[in-house]
Amino acid sequence: MRASARGMALLLAGSMALAACASDEPAGGGGGGGGGGGGEAAEELQIGLAYDTGGRGDRSFNDSAYAGAQAAVDEFGGTVQDLSPNADASNRADLLTQLADEGYNPIIAVGFAYGDVIGEVAGQYPGTTFAIVDSSVAELGQDNLTGLLFAEEEGSFLAGAAAALKSETGTIGFVGGVETPLIAKFEAGYVAGAQAVNPAIQVLTEYISPAGDFSGFNDPARGQILAQGMYDGGADIVYHAAGGSGIGVFQAAAASNGRAIGVDSDQYQTVDDPALQAVIMTSMLKRVDNAVQGFIGNYVDGSVPGGEDVVNDLQTEGVGLATTGGQIDDIQDQVDQYRQQIIDGEIEVPTTP
Amino acid sequence: MTLLRRVGLALFAPVLAVVVALLISTAVMAALRVDPFQVFAVMLDLGDTPSQQVTAIVVVLNRAIPLFLAGLAVAVAFRMGLFNIGVEGQYRLATIMAAVAGAAVALPGPLHVLLIVVVAMAVGAFWAGIVAVLKVTRGVSEVISSIMLNFVALGLASFLLTGPFRGSPEGASIISTAEIPESGLLGGLNGLFDAIGLANPPRQLYGFLPIAVLVGVALAVLLGRTRFGFDLKATGLSPSAASASGVDARAMVVKAMLLSGAVAGLIGLPDLLGQTGAYTTDFTSGLGFLGIAVALLGRNKPVGIALGALLFAFLDRALVPLQIQQFPASVVTIIQGTIVLAVVVANEIARRLTRRSAERGGAEPSSAPEPGTGAVGPPGDASAEGRPSTRREVQA
């Protein structure tokens, strides 16, 4: 009796440990571009991609980086090797050093979380060219390291302006994935854009998880609850910067006859569900693919700036608004005016809320 | 013969578990049309150059140190039948407090590190102490309260990091506490490789390794060779019997949880003092839960836990080379998962075998309640463990 109770408890503990071991990383990072490993000529382009948690198959950020690398391979030839980290992403540095040891060059770290380790690794491998998406390298002082940054606040400004122009209730919402400085840039631009159109507009703002808890990027259920609260509170358009949780925001929009704004990629095209497509008014595009492809192009030309940040903004079309679906066609002129004003420097978009 | 038999019994369960897990994983890989032998070959291949091989060893050791400490923390409570699921929250909270304390003061080297270690242990013990107090005063199950306190700890750590303890500049993409000054950090141990004539790669071996070993030895002595360790185990086997023989069972709950929490507080320090120098938003999480698996695998004994931690770390390292060789990385997850399940089953089998052989040996029938978690003491501690070993000597 007692033994079986203990056995049950052990099983419980074991299964919890098991759950901790499991990662939601999709069927492995294999299946990269070409055939992999050995045999290539030395000058053949071997691109290394290191993802953060989530790995490939997220239909968003990581996939976009892979698409960029793949496009570069189509253009210049060569292979792509992509790696996903372990469940707690404690081996980020190992991914980079392994790629460097295997001779991959250039190596692109996808995600700001690599910002902690990439400076050190770049210093250890001076002969390899590195880039990191979403993290500034200006202060790291490594000549072989480039930061690929995005002016998310500028794209979000346009999203906010579009939302305010289309809103009938005078209330709009923002759902952030994780309360990090990166996502705060989205919020800051969105609010500023909305207020530029209508200074009296009310913007409801919520984050799914606090800093340090990255579950908010992959929790559609809580995204849906937060967005539902906003629609119930009078908002008619909600913008999300919450990665995989965004699908929940779309579902809440569909359930409330509201509308939503997607993020990163053109989610009207990627969402795969006509009912949800109908609610996606537009998406704030963050062209990670273009940035990655452009960086590899620079590497091939030998024109990588090195030690600097490359900022992809409205001017370089690194960020922007998607028009698929035609829902913002009627306000396109006004959006374009704001776009031009930002490019000309007439509007300063804040980066913190 | 006795010693051989005892060692054999102690090794039986974990070895059986690993073998069964490998068999199951092989079957799964075969079903996935992945060549299991190639996968194992990739796992065992540490690299071509001496520098790569040493790097691989460093990577495994650096990963094993926190896993070892996490396993120890869980095992201390397991030894007396307490399930401290809250190790996760205990170490996260302890690490941020230790990081802040370490950054706030400037002391000469060893003292500075000592302060950080003491703060971490104190915070971990405090957080685990809440669980113990709830259990002895209100009878709250430690499983429930420690799981729930995990959420509180994570929320609290997040609040502290983004609020009062924020040390990173506004707008930095990773939020962190202030950096601990050089005197509070532990340098790498790579000089060791030079000393024994191995290659010295840029990747540094954590300076926390000797401290972790020391903690392991201290716990092995404390649990296996002292009155306290005996009381701990006796209380776990039967609180009422222990009380009858003069052990204060409630005090033992508090002591065990405090000790477990204090060890849990150390889990984050290898990374903190050896690499990051600050607590950040992306500080390694989940070690507390992995510790449960490691403690199970090591059957709650420090040597076993060390081996379990090394095995997990070894499997983890294989993730990267497997992906480079175009194998699915989920293979490693499958092996780790099946090992945990197999350990639970194998421990139960070993427990029954031990009991059966004891009963056949004609020992007193009251020997039934041996815990599935850690029935057999460390080899050679007959003095502390009177009854079971006499029983086996009788049989031999």
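Keep in mind that the numbers below use all heavy atoms, side chains included, and drop hydrogens, waters and symmetry copies. Throughout, a chain's letter reflects where its sequence line sits, starting with A, and its residues are numbered from 1.
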So how far is it from [X] [atom1] to [Y] [atom2], rounded to the nearest 0.5 Å?
{"X": "B/Q52", "Y": "A/Q98", "atom1": "CD", "atom2": "CD", "value": "7.0 Å"}
{"X": "B/I324", "Y": "A/L99", "atom1": "CD1", "atom2": "CG", "value": "5.5 Å"}
{"X": "B/T281", "Y": "A/D116", "atom1": "OG1", "atom2": "CG", "value": "8.0 Å"}
{"X": "A/D101", "Y": "B/T49", "atom1": "CG", "atom2": "OG1", "value": "7.0 Å"}

Chain B contact via [X] - which portion, at a heavy-atom distance below 4.5 Å:
{"X": "A/V178", "value": "neither"}
{"X": "A/T97", "value": "side chain"}
{"X": "A/A93", "value": "both"}
{"X": "A/T351", "value": "neither"}

(request) Identify which of B/R63, B/R92, B/E88 forms the greatest number of heavy-atom pairs closer than 4.5 Å to chain A. (result)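 It is B/R63.
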(message) Taking every non-hydrogen pair under 4.5 Å, which of B/S285, B/P321, B/G288 racks up the most with chain A?
(response)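 So the answer, after comparing B/S285, B/P321, B/G288, is B/S285.
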So [Y] and [X], do their side chains get closer than 4.5 Å, heavy atoms only?
{"X": "B/R317", "Y": "A/D94", "value": "no"}
{"X": "B/I175", "Y": "A/P181", "value": "yes"}
{"X": "B/T162", "Y": "A/E179", "value": "no"}
{"X": "A/R92", "Y": "B/D282", "value": "yes"}

(request) Answer yes or no: are there more than 12 heavy-atom neighbours, outside B/Q53 itself, under 6.0 Å from its atom CD? (result)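 Yes - once you tally the heavy atoms of other residues, nucleotides and ligands closer than 6.0 Å, there are more than 12.
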(message) I'd like to know which of A/S135, A/S136, A/S90 tops the heavy-atom pair count under 4.5 Å against chain B.
(response) A/S90
(request) Can you tell which part of B/V320 gets under 4.5 Å to a heavy atom of chain A, answering side chain, backbone, both or neither? (result)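 Both the backbone and the side chain of B/V320 come within 4.5 Å of chain A.
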(request) Counting only heavy atoms closer than 4.5 Å, note whether B/T55 contacts chain A via side chain, backbone, both or neither. (result) neither
(message) Less than 3.5 Å apart, any donor N or O on the side chain of B/Q326 or A/Q81 sitting next to an acceptor on the other?
(response) yes
(message) Checking the side chain of B/Q323 only, and the main-chain atoms of A/S84 only, is there a donor and an acceptor separated by less than 3.5 Å?
(response)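 Judged by distance alone, yes, a pair lies under 3.5 Å.
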